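Sequence lines set the chain letters: A, B, ... in the order given, protein chains first and strands last, and positions in each chain run from 1. Below, all heavy atoms of this structure are taken into account, side chains as well, without hydrogens, waters or symmetry copies. Quick caveat, the model's predicted, so the values are computed rather than measured.
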There are 2 protein chains.
Amino acid sequence: MGVGAQAATRRRGAELERAILRAAVAELAESGYAGLTMDRVARRAGTNKNAIYRRWPHRAALGVAAYRQLVTEQTPTPDTGDLRGDALELLRGVNCDLATPRAEVLRSLLASANDEPELLAQLHEQVADGGTGPWLTILDRAAARGEVADGTVHPRVATVALVLLRNEYLTRGLTTVPDNVLVEIVDEVYLPLVRRTG
Amino acid sequence: MGVGAQAATRRRGAELERAILRAAVAELAESGYAGLTMDRVARRAGTNKNAIYRRWPHRAALGVAAYRQLVTEQTPTPDTGDLRGDALELLRGVNCDLATPRAEVLRSLLASANDEPELLAQLHEQVADGGTGPWLTILDRAAARGEVADGTVHPRVATVALVLLRNEYLTRGLTTVPDNVLVEIVDEVYLPLVRRTG
DNA sequence: TCGATTAAGGTACGGCACGTACCGTACCCT
DNA sequence: AGGGTACGGTACGTGCCGTACCTTAATCGA
């Protein structure tokens, strides 16, 4: 009945679900979680709220699903030749990620998912697993070069720099952390720590 | 006209403001920021929304003000006799704080204050200043005992343990961090780090 | 002492967004 | 062909934010 011309065939099942999710991702990227309105997602996907609520029980669930789609990029592990360079490179990569609206989206989702432990768990998973791997890799390479003592480094030690950066971002404002702070984290904390532990 | 009997004298100015703030704090503590409704605060304070909007421009501002009231407690700096005990004690204190609904409130506020840089700044201030002092104190005492080398420790180093705990809380779920993790943080990261730096 | 001014109370909105209900209709399977 | 299922459209009910408008009490200045 509408003026729209997409009534050729009616989408169903997985196809419609993908369309909804794509619309949700777009809204999330454009307007953040606050702008992720069920009505707007429905309109953008060319469907109605009913189709959404048959798949996700509430807005927060849709938001988490859209966020998963939004953050499925992986940054390659750097290999500059020495541990200091690798660590700095990793930190800079994360720092760029923090500058994108994705961080704000994540915070909004964390706040909105307080009542749904399941959603919280999903989010925490994504955040937690985000960074441990690359740090172990660069430490292994450093050990092979003799930069640090051999032996397994405690994961808590390996990711200290990442954790400090996260804290810096949360503590100071929302903007990108200046590069000299990254250098400080690496030189004052991370390198002294990993060079000692073995 | 109501059945309530508090219509003896009409509160004004600072008195009314305190009543509103107390009601907001109570709502915040009971139901979190999501439950901090202007209507409910007004009803609880025995007044109406008008009186609130004359003092705070919007809900977020009232939320921040109430949060300030909520976190004006100070934990004394521990003095157990050695650095390890002091650090653990500090961590345990913070850990207890995280168990209260205050942490959830803070997350909600952080997410909701994205559009108000002023409010964000106030919140960040409170979070940032929260813990540096005590850590410097216990490090000074440790230096006096000869446990660590003399000289000024970088603030970033001094608060590493606190930052790790915060991260642990944000990363893994919502519950209290188990004590063995606190021990791990102190023994694997904090003590090796501060004993080396000097 | 007494009006004028200020600040409170009371209430009713407009607007928006979430989540639900109902009904007609297109698709799919047997 | 016929039944079951999912989609489209739409209209609600509810809750909350923020605002407008008026009434009423308290305070202040002359």
Side-chain angles (χ1 to χ4, degrees), chain A residues 1-21 23-24 27-28 31-66 108-109 111-116 119, chain B residues 1-21 23-24 27-28 31-66 108-109 111-116 119:
Chain A
M1 213 48 135
V3 187
Q6 85 284 10
T9 67
R10 179 178 282 184
R11 296 163 301 179
R12 285 176 84 87
E15 184 187 352
L16 181 59
E17 184 157 336
R18 278 195 305 271
I20 294 173
L21 214 48
E27 292 289 335
L28 204 57
S31 320
Y33 183 64
L36 184 76
T37 294
M38 301 304 258
D39 297 82
R40 290 185 62 180
V41 171
R43 256 196 299 126
R44 183 166 202 150
T47 178
N48 59 355
K49 288 192 293 181
N50 239 334
I52 305 178
Y53 278 105
R54 284 195 197 99
R55 294 169 167 83
W56 293 275
H58 41 246
R59 194 173 76 109
L62 176 61
V64 172
S108 302
L109 282 175
S112 301
N114 268 332
D115 298 335
E116 268 83 24
L119 299 182
Chain B
M1 220 43 148
V3 188
Q6 85 283 13
T9 68
R10 179 178 281 187
R11 297 162 302 180
R12 289 175 81 88
E15 184 187 354
L16 182 58
E17 185 156 334
R18 278 194 305 270
I20 294 174
L21 215 46
E27 292 289 335
L28 205 55
S31 319
Y33 183 64
L36 183 75
T37 293
M38 302 303 259
D39 296 82
R40 292 186 59 181
V41 171
R43 255 195 302 126
R44 183 165 201 150
T47 178
N48 59 356
K49 288 192 292 178
N50 249 334
I52 305 178
Y53 279 104
R54 283 193 200 100
R55 293 171 167 82
W56 294 275
H58 40 245
R59 194 173 75 108
L62 176 61
V64 171
S108 302
L109 281 175
S112 302
N114 269 332
D115 299 334
E116 268 84 25
L119 300 182

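Rounded to whole Å, atom C1' of D:dA11 lies 12 Å from atom CG of A:N48. Following rounding to the nearest Å, B:R59 (CZ) and D:dG15 (P) show an atom-to-atom distance of 16 Å. Look at CD on B:E27: it is 15 Å from C1' on D:dG15, rounded to the nearest Å. Between the CD atom of A:E15 and the C1' atom of D:dA6 there is a distance of 13 Å, given to the nearest Å. Here the P atom of nucleotide D:dG9 and the CE atom of A:M38 are 17 Å apart, to the nearest Å. Remark: P of C:dG19 and CG of A:D39 are 11 Å apart, rounded to the nearest angstrom. In this structure, CZ of B:R40 is placed 12 Å from C1' of D:dG15, rounded to the nearest angstrom. Atom CG in B:L62 sits roughly 10 Å away from atom P in D:dC17 (whole-Å rounding).
Applying the side-chain contact (heavy atoms from CB on, under 4.5 Å) criterion to A:A61, with sequence neighbours excluded, gives A:W56, A:P57, A:H58, A:L119. Applying the salt bridge (Lys or Arg N to Asp or Glu O under 4.0 Å) rule to B:R55 yields the partners B:E17; only residues at least two apart in sequence or on another chain are considered. Applying the side-chain contact (heavy atoms from CB on, under 4.5 Å) test to A:A24 and every residue at least two apart in sequence or in another chain returns A:L36, A:V41, A:L62, A:A66.
Of the side-chain N and O atoms in B:T37, one or more sit less than 4.0 angstrom from OP1 or OP2 of D:dC16. A close approach under 4.0 Å does occur between a side-chain nitrogen or oxygen of B:R55 and OP1 or OP2 of C:dA8.
Within the nucleic acid shown, A:I52 has no heavy atom closer than 4.0 Å to any nucleic acid atom.
Shortest non-hydrogen contact noted between B:A65 and B:L21 is CB-CD1, 4.0 Å.
For residues 33-42 of chain B, the set of pairs meeting the salt bridge (charged side-chain N to carboxylate O under 4.0 Å, His left out) definition, not counting sequence neighbours, comprises B:E27-B:R40, B:D39-B:K49.
A cation-pi contact links A:R59 to A:Y33, judged by a cut-off of 6.0 Å to the six-membered ring centre and 45° from its axis.
Atom CE of B:M38 is separated from atom CD1 of B:I20 by 9.0 Å, given to the nearest 0.5 angstrom.
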Quiz prompt | Protein-to-nucleotide contact annotation, 5' to 3' order, nucleotides 20-26 of chain C [B base; S sugar-phosphate only; - none; under 4.0 Å, heavy atom] | solution = BBB--BS
